[in-house]
Amino acid sequence: MGLAAGRSRLPSCVSHAFLVVAGLFILASIPCEAQLSSSFYDNTCPNALTTIRTAIRTAVSRERRMAASLIRLHFHDCFVQGCDASILLDDSATIQSEKNAPNNNNSVRGYEVIDNVKSRVESICPGVVSCADILAVAARDASVAVGGPTWTLKLGRRDSTTSGLSQAAANLPTFRDGLDRLISLFSTKGLSARDMVALSGSHTIGQARCLTFRARIYDNGTNIDAGFASTRRRRCPVDNGNGDDNLAALDLVTPNSFDNNYFKNLIQRKGLLQSDQVLFNGGSTDSIVTEYSKSPSTFSSDFAAAMVKMGDIEPLLGSAGEIRKYCNVIN
């Protein structure tokens with residue numbers, strides 16, 4: 001008997017096995033999506049976090065105000081094209097630095113502290129730890145250094161090779177902003193109104209320039225305590241250009257400690273900036289301010305959670321971006 005015409009068939013069990021193997025091969029060939037992880041440097045640079053923490057403690061012990069500056073630096077980075085350390089880049093032939101944006105120029109500080117930390121980390125693990133992650137860790141360690149909360153950090157961000165100068169004016173809040181504007185800005189970054197109020201609580205530490213609160217203390221408005229305004233006028237003359245850079249504590253009561261007095265101040269109409277007092281001025285966030293003023297533990301836990309959420313804003317992962325050798329220039 002001759003061979004039957006047509007294609008021979010494999011037994012059904014063989015066909016099934018082939019399909020399973022082929023399917024597994026296809027799945028294995030699909031790259032896993034990179035994600036942030038709290039254990040990201042456990043094997044590649046196990047001493048990174050200790051090294052950063054030591055440097056930040058030293059910096060804050062030298063200047064207490066630096067804690068607020070480092071938290072703000074991380075915030076201003078994340079709100080402009082994500083948490084990618086773009087704010088650290090200097091001007092160059094290809095970079096228009098975010099440092100020159102109106103909301104950053106002569107205002108944001110702490111760059112030299114981050115440069116020092118990066119140098120220390122590079123000495124033990126060259127080319128491993130990103131500047132974006134250093135900003136995130138520095139903010140957390142700065143909070144702890146002044147009695148604030150800690151939180152578990154997710155790491156693995158990479159550094160941008162571009163800057164977002166044009167985005168900074170549009171994406172960063174200002175001291176003149178009203179409540180609706182603040183809620184909207186934070187919402188575009190995936191942060192709720194409650195997150196916004198909690199993060200504003202970082203103004204429990206730090207200082208502001210006369211230029212940023214002059215209008216508020218001289219406008220004789222109903223939402224500012226008269227005695228508070230009078231006190232602030234002593235070092236902030238009415239005329240523009242006169243004493244613009246004179247500093248005042250954002251929290252007059254405990255300016256160097258991370259606590260909930262900021263919210264108590266708002267209830268007493270003693271918010272230094274307009275963008276502070278709008279959080280408690282008959283609007284939708286009054287109840288949150290009241291809650292935080294009564295419960296420091298609630299504020300601390302919400303602040304920590306909001307910082308984690310903020311650190312998740314559009315990070316560069318996997319092979320995107322780079323790990324800069326020096327934080328102020330691309331490789």
Side-chain angles (χ1 to χ4, degrees), residues 68 71-72 74-76 78-80 82-83 102-103 139 143 148-149 151 167-206 208 212-226 228-229 232 249-254 258-314:
I71 293 172
R72 186 166 183 246
H74 180 42
F75 166 62
H76 278 229
C78 291
F79 264 55
V80 179
C83 305
N103 294 353
S143 168
W151 51 90
Q167 299 178 33
N171 292 356
L172 291 171
T174 77
F175 58 88
R176 301 183 184 92
D177 285 341
L179 181 60
D180 290 344
R181 167 71 173 163
L182 291 172
I183 291 174
S184 176
L185 279 175
F186 280 72
S187 177
T188 62
K189 302 301 179 183
L191 298 167
S192 67
R194 189 176 184 89
D195 294 327
M196 182 269 291
V197 176
L199 290 171
S200 297
S202 63
H203 285 183
T204 184
I205 53 176
T212 63
F213 60 84
R214 176 183 282 123
R216 173 162 162 73
I217 62 174
Y218 284 102
D219 70 0
N220 297 311
T222 58
N223 68 341
I224 187 168
D225 177 83
F228 173 75
R232 287 312 189 201
L250 288 159
D251 174 3
L252 186 62
V253 181
T254 53
F258 198 105
D259 54 32
N260 68 331
N261 275 323
Y262 167 80
F263 299 104
K264 296 178 181 179
N265 295 339
L266 297 184
I267 291 173
Q268 297 170 9
R269 297 178 296 132
K270 295 179 180 180
L272 185 61
L273 306 178
Q274 175 180 315
S275 56
D276 289 325
Q277 194 59 57
V278 295
L279 303 183
F280 189 85
N281 195 37
S284 60
T285 56
D286 281 17
S287 60
I288 305 171
V289 171
T290 300
E291 182 181 0
Y292 289 160
S293 74
K294 295 178 179 178
S295 176
S297 61
T298 300
F299 163 53
S300 289
S301 61
D302 282 5
F303 179 80
M307 287 295 289
V308 172
K309 286 178 67 175
M310 187 182 77
D312 285 345
I313 297 175
E314 299 175 22

- Message: Looking at every heavy atom in both Ala306 and Asp195, which two are closest together, and how far apart are they?
- Response: CB-OD1, 3.9 Å
- Short question: side chain of Asn260, backbone of Ser293 - any donor-acceptor pair under 3.5 Å? yes
- Minimal non-hydrogen separation, His76 against Asn103, with atom names: CE1-O, 3.5 Å
- Task: Would you give the length of the straight line joining atom OH of Tyr292 to atom CZ of Phe303, rounded to the nearest 0.5 angstrom?
- Result: 10.5 Å
- Query: Got a donor-acceptor contact below 3.5 angstrom from the Asp177 side chain to the Thr174 backbone?
  - Reply: yes
- Side-chain contact, heavy-atom cut-off 4.5 Å: Met307 with Leu199? yes
- Message: Could you report the tightest heavy-atom contact between His74 and Cys83, atom names first, then the distance?
- Response: CE1-SG, 4.3 Å
- Heavy-atom donor-acceptor pair, Gln274 side chain to Arg176 backbone, under 3.5 Å: yes
- Asp302 side-chain N/O to Ala198 backbone N/O, donor-acceptor pair under 3.5 Å: no
- Query: Rounded to the nearest 0.5 Å, how far apart are OG of Ser187 and CG of Asp180?
  - Reply: 12.0 Å
- Query: Which pair of non-hydrogen atoms, one from Asp286 and one from Gly282, has the smallest distance, and what is that distance?
  - Reply: OD2-N, 2.8 Å
- Query: Do Pro149 and Phe299 touch side chain to side chain, with heavy atoms closer than 4.5 Å?
  - Reply: no
- Between the CZ atom in Phe175 and the CG atom in Leu273, the distance rounded to the nearest 0.5 Å is 8.0 Å
- Query: So do Leu279 and Met196 actually touch side chain to side chain, heavy atoms under 4.5 Å?
  - Reply: yes
- Query: side chain to side chain contact (heavy atoms under 4.5 Å, CB included) between Leu182 and Ser200: does it pass, once the steps are laid out?
  - Reply: CA-CA 10 Å; Leu182 291 172; Ser200 297; 5.8 Å; no
- Query: Of Ile183, Leu179, Thr285, which meets side chain to side chain contact (heavy atoms under 4.5 Å, CB included) against Val197?
  - Reply: Thr285
- Check: Ser300 side chain, Pro296 main-chain N or O, donor-acceptor pair, under 3.5 Å: yes
- Under the criterion side chain to side chain donor-acceptor pair (under 3.5 Å), which of Asn265, Thr254, Asn261, Asp259 is the partner of Thr204? Asp259
- Query: If we only count heavy atoms from C-beta on, is the Val278 to Arg181 side-chain gap below 4.5 Å?
  - Reply: no
- Distance (rounded to the nearest 0.5 Å) between Ser202 OG and Asp251 CG: 11.5 Å
- Message: For Glu291 versus Thr298, what's the shortest heavy-atom pair and its separation?
- Response: OE2-CG2, 3.6 Å
- Task: Ignoring hydrogens and angles, tell me if any N or O in the side chain of Gln277 forms a donor-acceptor pair with the backbone of Leu272 under 3.5 Å.
- Result: no
- Decide yes or no on side chain to side chain contact (heavy atoms under 4.5 Å, CB included) for Asn223 and Arg216, but give the supporting numbers first. CA-CA 9 Å; Asn223 68 341; Arg216 173 162 162 73; 3.3 Å; yes
- Specify the closest pair of heavy atoms between Pro173 and Phe79, including all atoms of both residues, with the distance to one decimal. CD-CD2, 4.4 Å
- Met310/Phe75 under side chain to side chain contact (heavy atoms under 4.5 Å, CB included): CA gap, chis, key distance, verdict: CA-CA 8 Å; Met310 187 182 77; Phe75 166 62; 3.4 Å; yes
- Keeping the roles fixed (side chain from Lys270, backbone from Asp225), state whether a donor-acceptor pair exists under 3.5 Å. no
- Task: Compute the centroid of each ring, for Phe280 and then for Tyr262, and state whether the two points are separated by less than 6.0 Å.
- Result: no
